[in-house]
Amino acid sequence: MKIFAHKDNNIISGGDGLKSGGTANRDHESSLATRAAWLHFAGGLTQAQVAKRLGLTSLKAHRLITKANQEGLVRVFIDGDVAECVELEQRLTAAYGLDYCEVVPDLDQEDLPLRGLGIAGAQFLKREIDRGEDMLIGVGHGRTLAASVEYLTRTPAAHIRFVSLLGGVTRKFAANPHDVMHRLAERTGAQAYVMPVPFVANTAEDREVLLGQRGISDVFALAGRSDLMFVGIGTAEREASLVATGMIEHSEIDEVKRDGGVGELLAHFFDDKGRPVETALSERILALPRDQLKGRRIVAVAGGKVKVRAIKAVLESHYLSGLITDECTARALVELNQSNGAASAAKRHVNGGSSNA
């Protein structure tokens, strides 16, 4: 893997960085920002080392490097594929019948690798937008999706519409901090339709009343027509994002876990074998029903040691058509699939042997 820091019309390489002609008259601040970025990205110096080299404060060096990034003075090119990641992509695709799989190199963030996944998720979204086709993209919520939108560069997308796939407020009608619809609209200029209802209604009757409201039913109908669903995957633990944000209560996630729930996709829970888990919560969720998810183009961005079982459960359900994950998680998923396959083979052998006895 080779990484190059590049300025469009000028690469500073030694000396005082000045060249002949009009270059000598360029803006000093821009020149300094380019030099700082070159030392940091191409030279491998830390920001503190850049500051010392240029006789600046650390804060000033940080601001110059940020300025270079924001102004497009720095571009990073990665030459070649990461062979280990490509192999993991192929194995996951084969194991779970995926149409798309992307495995990003580890950045030593085992519990929840938000940076690597956020960058990969943002790049995926940008590629979809850059195709230039009219598209309706349904969006879930969660920390990893929020990171993906945070890393998304400003990209004009008048041909795209975004729609929320889930109720976006808590029981107390507080905003979900990981709801990304407003940020997507800001970054792209696209139309974005929010789901202005709680994630969970107090009763099944309340759910029906909410869905009977004209504006709400219109958004639900729109969500059901999504060309692409870009989603996260949750766990059935008390530390899950759904619990931390107040979308559901501890007692409710405890019930899901008692009934075998392991992974969550768009408010639907699945056990280790990918089978749906029905609880009292199920009939109060304001989300698309499972029958509207089967056979759809659903791409999840999820990873981290804490989510391996949850991701595998959702993969086993075969609702996903695509997965973006990190290298460590992908390796754990492949190993789990191998061990399960070996266990199944051993069981078949034992059963076959006993029947022949």
Least distance between heavy atoms, Thr235 atom then Ile253 atom: O-CD1, 4.2 Å
Do Arg127 and Asp130 come close enough that some side-chain heavy atom pair is under 4.5 Å? no
Interatomic distance, CG@Leu228 vs CZ@Arg296, rounded to 0.5 Å, equals 10.0 Å
Whether Asp106 side chain and Cys328 backbone form a donor-acceptor pair below 3.5 Å: yes
Within one Ile-Leu-Val-Met-Phe-Trp-Tyr cluster: Val209 and Phe199, side-chain cutoff 4.5 Å: no
Note: Thr155 and Thr153 closest approach over all heavy atoms is OG1-O, 2.9 Å
Just by modelled atom types, is the Ile129 backbone N or O under 3.5 Å from a matching donor or acceptor in the His159 side chain? yes
From Lys257, Arg238, Arg284, residue fulfilling salt bridge (Lys or Arg N to Asp or Glu O under 4.0 Å) relative to Glu252: Arg284
For the residue pair Ala185 and Ala192, what are the closest heavy atoms and their distance? CB-CB, 4.0 Å
Same hydrophobic cluster for Val104 and Val299, using side-chain heavy-atom links shorter than 4.5 Å among ILVMFWY? yes
Within the distance-only criterion (no hydrogens, no angle test), does the side chain of Glu278 pair as donor or acceptor with the backbone N or O of Ala280 below 3.5 angstrom? no
Interatomic distance, Met135 atom CE to Glu128 atom CD [nearest 0.5 angstrom]: 4.5 Å
Donor-acceptor pair, Thr329 side chain versus Gly304 backbone, under 3.5 Å? yes
Identify whether the distance between the nearest side-chain nitrogen and carboxylate oxygen of Arg275 and Glu316 falls below 4.0 Å. no
Charged N to carboxylate O below 4.0 Å: is that the case for Glu335 and Arg331? no
Between the side chains of Glu29 and Arg63, is the shortest nitrogen-to-carboxylate-oxygen separation below 4.0 Å, so that they form an ion pair? no
Is the CZ atom of Arg309 crowded by more than 12 outside heavy atoms at less than 6.0 Å? no
Is any side-chain heavy atom of Val219 closer than 4.5 Å to a side-chain heavy atom of Val163? yes
Please report the interatomic distance CG(Leu45) to CG(Leu39), rounded to the nearest 0.5 Å. 6.0 Å
Close side-chain approach of Phe269 and Leu281, heavy atoms under 4.5 Å: yes
In short, ring-ring contact (aromatic ring centres under 6.0 Å, His included) pairs touching residues 276-318 with sequence neighbours left out are none
CZ of Arg53: more than 12 outside heavy atoms within 6.0 angstrom? no
Can any side-chain N or O of Arg297 pair as donor or acceptor with the backbone N or O of Ser226 at less than 3.5 Å? no
Considering all heavy atoms of both residues, which atom of Pro196 and which atom of Ile216 are nearest to each other, and what is their separation? CG-CG1, 4.4 Å
Please round to the nearest 0.5 Å and tell me the distance separating atom CG of Leu32 and atom NZ of Lys67. 10.0 Å
When clusters are formed by joining ILVMFWY residues with side-chain heavy atoms under 4.5 Å apart, either directly or through shared neighbours, do Leu336 and Leu98 land in the same one? yes
Check Leu145 against His141 and note the closest heavy-atom contact, atom names and distance. CD1-N, 3.6 Å
Are any non-hydrogen side-chain atoms of Ile137 and Asp227 less than 4.5 angstrom apart? no
In this structure, which one of Leu315, Leu320, Val301 forms a side-chain contact (heavy atoms from CB on, under 4.5 Å) with Ile233? Leu320
Would you give the length of the straight line joining atom CD of Gln49 to atom OG of Ser58, rounded to the nearest 0.5 angstrom? 10.5 Å
Could you please spell out the steps behind the side-chain contact (heavy atoms from CB on, under 4.5 Å) verdict for Leu293 and Met229? CA-CA 9 Å; Leu293 303 181; Met229 297 182 184; 3.9 Å; yes
Should Leu323 and Ile311 count as side-chain neighbours, where that means a heavy-atom distance under 4.5 Å? yes
So, taking the atom named CG in Leu88 and the one named OG1 in Thr93, what distance separates them when rounded to the nearest 0.5 Å? 10.5 Å
Any side-chain heavy-atom pair from Phe220 and Met195 closer than 4.5 angstrom? yes
Min side-chain heavy-atom separation Arg91-Glu87 under 4.5 Å: yes
Step-by-step side-chain contact (heavy atoms from CB on, under 4.5 Å) determination, Lys312 to Tyr96: CA-CA 10 Å; Lys312 186 178 185 301; Tyr96 297 105; 3.8 Å; yes
Could you state whether Ile119 and Val103 fall into the same hydrophobic cluster, counting links through intermediate Ile, Leu, Val, Met, Phe, Trp or Tyr residues with side-chain heavy atoms under 4.5 angstrom apart? no
Salt-bridge present (Glu255, Arg258; N to O < 4.0 Å): no
Answer with yes or no whether the hydrophobic clustering places Ile285 together with Ile298; edges join I, L, V, M, F, W, Y residues whose side-chain heavy atoms lie under 4.5 Å apart. yes
Do side-chain atoms of Arg187 reach the backbone of Leu152 as a donor and acceptor pair under 3.5 angstrom? yes
Please walk me through it: do Ser31 and Thr34 pass side-chain contact (heavy atoms from CB on, under 4.5 Å)? CA-CA 5 Å; Ser31 173; Thr34 306; 5.7 Å; no
Smallest heavy-atom separation, Pro105 atom then Cys85 atom, equals N-SG, 3.9 Å
Among Tyr100, Phe162, Phe124, find the residue that satisfies the ring-ring contact (aromatic ring centres under 6.0 Å, His included) test when tested with Phe230. Phe124
Any non-hydrogen side-chain atom of Thr188 less than 4.5 Å from a side-chain atom of Ile160? no
Looking at His268 and Leu288, would you say the former's side chain and the latter's main chain have a donor-acceptor pair under 3.5 Å? yes
When you measure from the side chain of Gln191 to the backbone of Arg161, do you find a donor-acceptor pair of N or O atoms at a distance under 3.5 Å? no
From CA spacing to verdict: side-chain contact (heavy atoms from CB on, under 4.5 Å), Thr144, Leu114: CA-CA 6 Å; Thr144 313; Leu114 287 178; 3.9 Å; yes
